[in-house]
Amino acid sequence: MPSPGLPPPAAALLADVGALRRSSRGGIASGSASARALHGLAVAAGYAGDTFVASAFTKLYSTLSRGDDARRVFDAVPSPDTVLWNTLLAALSGSEAMEMFVRMVRAGSAQPDSTTLSSVLPAAAEVADVTMGRCVRAFGEKCGLAQDEHVVTALISLYAKCGDMECARHLFDRMVAPDLVAYNALISGYSVNGMVGSSVELFKDLVTLGLRPTSSTLVALIPVHSPFGHEQLTRCLHAYVVKAGFDANAPVSTSLTTLYCRLNDMDSARKAFDAMPEKTMESWNAMISGYAQNGLTEKAVALFQKMQALNVPPNPLTISSALSACAQLGALSLGKWVHKIISKENLELNVYVMTALIDMYVKCGSIAEARRIFDRMDNKNVVSWNVMISGYGLHGQGAEALKLYKDMLDANLLPTSSTFLSVLYACSHGGLVEEGRTAFRSMTSDYGFTPGIEHCTCMVDLLGRAGRLKEAYELISEFPKNAIGPGVWGALLAACMVHKDAELAKLASQKLFELEPENTGYYVLLSNLYTSKKQYSEAAGVRQEAKSKKLVKTPGCTLIELGDKPHVFMAGDRAHPQSDAINSYLEKLTTKMIEAGYRPDTEAALYDVEEEEKEHMVKVHSEKLAIAFGLLNTEPGTEIRIIKNLRVCLDCHNATKIISKVTQRLIVVRDASRFHHFRDGICSCGDYW
DNA sequence: AGGAGTGAGT
């Protein structure tokens, strides 16, 4: 501690900062408050302009994920040196770091070195800006820094993130002696690009060479969104984990937790997590995001609540994961609670947090609130824009999505392939055929992206919904080979279903039965199509085939929140305590609805896209129960928000329109694929879903 | 006495 009246020696300060940073790394320390106290001390002692002191604090704030504070420390230094610039670059998020790098080069007072480049390249990778990456690389070549091992590894990672595995591999092959980190980067690249064979090959090379894989290597082998069929790899990895007997330090336990999460083995993940006597920030995050990514949203929320109860301060990643869980659940009240925590923890300037918050409001039905937050952010990055654009798509506001896309280009942001996915999705859900075609063309010819599975599926969906089945079918043959799979054929089949083209439907189903014999949805679709065309024996044949494969349908259910308590209804549900009241209210309501022009459409259940069992025809669909429950238990004029796990059927869609009219309520329905805003007898989707 | 490459968010 400094003696009163005398400034503490810089060395003592630096030691204190270092100690605080090390204790904060575990996330258990109260973090920001102590850092600010110490920083205040340093400023009072006249060290604000000292590059050594400043970079220590910059690093400390960086560890605490406080890019804004790091920036303030930096700004107080009149002539920052290379190390201070580098520390700042590492503390900032993607787009901010790239901006600062440009400023550093322009300022010209401190010469960038290899550390500078290895700090800024991950920032370019973060926002998938391969152009910026190329600029940095060219700059590195000019200055003779491009051969540095760290720089090359960062470049490999960048190219991999942007989907250019050839380039990544080329760089790797030219390395004299690639180390474990370089291997991990390339392995991870192959995994996330779905090239499992190559990643396993590389893993073998690594072992043959005598390098010892770490748990991070194993994590890199399994992509975040593991596309099922990896059973063999999964088994091998399990065996390897057991045999390898990693030393049980905190980073290893965290990696193991992550690995198990990616293998969808959440019990083992939890065991690895529980076995840690001292949880670190990283381990909490691995477990919470693992739950969220595996769809175990309640568990993700519960663990986050436990963390809160233990007074462990969350970091941006924790919050993002919690918000992702709320978004999946559609749990607005929970999401608002997390929003309060964001304010309490002072994380409103964090771009990850705010982007996740926007996504939460979008997926919980509050598109207006999402937009308000979006407009107030002054550090938006490409992901924030993508989220907002796809939000409009989800809510059927295609024109608004396109407008935002244009604003994004005007703001000189480079669209990513996800941007195009959001735009195409919005066009598809808004019926904007020509705009969608234009975007698809622009994506390949102006921006050089190869369309992926999802882009292609969207295009088929777009054309198919508009009834241009033949065009859709022809377009498929122009898609890249690896994009033609269950996705595009499924979209085509769904379109055939809507426009009753049995011939093309048969063709599409044939492909689908070959590709995914276990998927029930296609059988249902085809059978429904035959039924609607009164080809009953064909319909029966398909159903028989499905039955012989013992295919089970997902039962439909709907969630509604009252206050902050969730209520879940199944079709024909009588389990709810208010069941009697709900049903008699529904009867009364139906009378009023019929007076207003509603015709119950029992046929509709047959056209039902994929949904409830035929027997459910006679039952009341779950969304009607939830809406009735909501109407019964809220004040007149209050809006009703419900979430359904399947797509809404035609009859329920009609019914909800009329209900919104006769009760004068706004009813917001989130179904399996989009949002419907029902108001005064009209739905925002324009009956196009 | 202070800095970097894998691994988080659509």
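A, B, ... follow the sequence lines: proteins, then strands. Residue 1 opens every chain.
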Donor-acceptor pair present, [X] side chain and [N] base, under 3.5 Å:
{"X": "A:D148", "N": "B:dG5", "value": "no"}
{"X": "A:S320", "N": "B:dG9", "value": "no"}
{"X": "A:S118", "N": "B:dA4", "value": "yes"}
{"X": "A:S216", "N": "B:dG7", "value": "yes"}

Between [Y] and [X], is there a side-chain donor-acceptor contact under 3.5 Å, judged purely by atom types and distance?
{"X": "A:N379", "Y": "A:S93", "result": "no"}
{"X": "A:H170", "Y": "A:Y159", "result": "no"}
{"X": "A:D461", "Y": "A:S428", "result": "yes"}

Please pick, from [options], the nucleotide with the shortest atom-to-atom distance to any side-chain atom of [X].
{"X": "A:N386", "options": "B:dG5, B:dT10, B:dG9", "value": "B:dT10"}
{"X": "A:S114", "options": "B:dG5, B:dT10, B:dA4", "value": "B:dA4"}
{"X": "A:D81", "options": "B:dG5, B:dG2, B:dT10", "value": "B:dG2"}
{"X": "A:L317", "options": "B:dA8, B:dG7, B:dT10", "value": "B:dA8"}
{"X": "A:E126", "options": "B:dG9, B:dG7, B:dG5", "value": "B:dG9"}
{"X": "A:S157", "options": "B:dT10, B:dT6, B:dA4", "value": "B:dT6"}
{"X": "A:Y352", "options": "B:dG2, B:dA8, B:dA4", "value": "B:dA8"}
{"X": "A:L14", "options": "B:dA4, B:dT10, B:dA1", "value": "B:dA1"}
{"X": "A:K59", "options": "B:dA1, B:dA4, B:dG5", "value": "B:dA4"}

Just the rounded figure in Å: distance from [atom2] of [N] to [atom1] of [X].
{"X": "A:D179", "N": "B:dA4", "atom1": "CG", "atom2": "P", "value": "16 Å"}
{"X": "A:L84", "N": "B:dA1", "atom1": "CG", "atom2": "P", "value": "18 Å"}
{"X": "A:N381", "N": "B:dA8", "atom1": "CG", "atom2": "C1'", "value": "13 Å"}
{"X": "A:R21", "N": "B:dA1", "atom1": "CZ", "atom2": "C1'", "value": "13 Å"}
{"X": "A:K380", "N": "B:dT10", "atom1": "NZ", "atom2": "P", "value": "19 Å"}
{"X": "A:F374", "N": "B:dG9", "atom1": "CZ", "atom2": "P", "value": "20 Å"}
{"X": "A:L20", "N": "B:dA1", "atom1": "CG", "atom2": "P", "value": "21 Å"}
{"X": "A:Q328", "N": "B:dT10", "atom1": "CD", "atom2": "C1'", "value": "13 Å"}

Answer with base, sugar-phosphate or nothing: what part of the nucleic acid does [X] contact at a heavy-atom distance below 4.0 Å?
{"X": "A:V353", "answer": "nothing"}
{"X": "A:S418", "answer": "base"}
{"X": "A:S321", "answer": "nothing"}
{"X": "A:T355", "answer": "base"}
{"X": "A:V383", "answer": "base"}
{"X": "A:D50", "answer": "nothing"}

For [X] and [N], is the shortest distance between a side-chain N/O and OP1 or OP2 below 4.0 Å?
{"X": "A:Q293", "N": "B:dG9", "answer": "yes"}
{"X": "A:S324", "N": "B:dG9", "answer": "no"}
{"X": "A:K161", "N": "B:dT6", "answer": "no"}

(message) Looking at A:R71 and A:D68, is any side-chain nitrogen of the basic one under 4.0 Å from a carboxylate oxygen of the acidic one?
(response) no
(message) Once you measure the plane-to-plane angle for A:Y361 and A:H339, does it fall in the parallel (<30°), tilted (30-60°) or perpendicular (>60°) bin?
(response) perpendicular
(request) For atom CD of A:E141, decide whether the heavy atoms of other residues, nucleotides or ligands shown that lie under 6.0 angstrom number more than 12. (result) yes
(request) Compare the ring of A:H150 with the six-membered ring in the base of B:dG5 and state whether they stack (centres under 5.5 Å, planes under 30°). (result) no
(message) Show, in sequence, the C-alpha distance, side-chain angles and deciding distance for A:Y61 and A:R36, and conclude whether the side-chain contact (heavy atoms from CB on, under 4.5 Å) test is met.
(response) CA-CA 9 Å; A:Y61 283 127; A:R36 292 220 179 88; 3.7 Å; yes
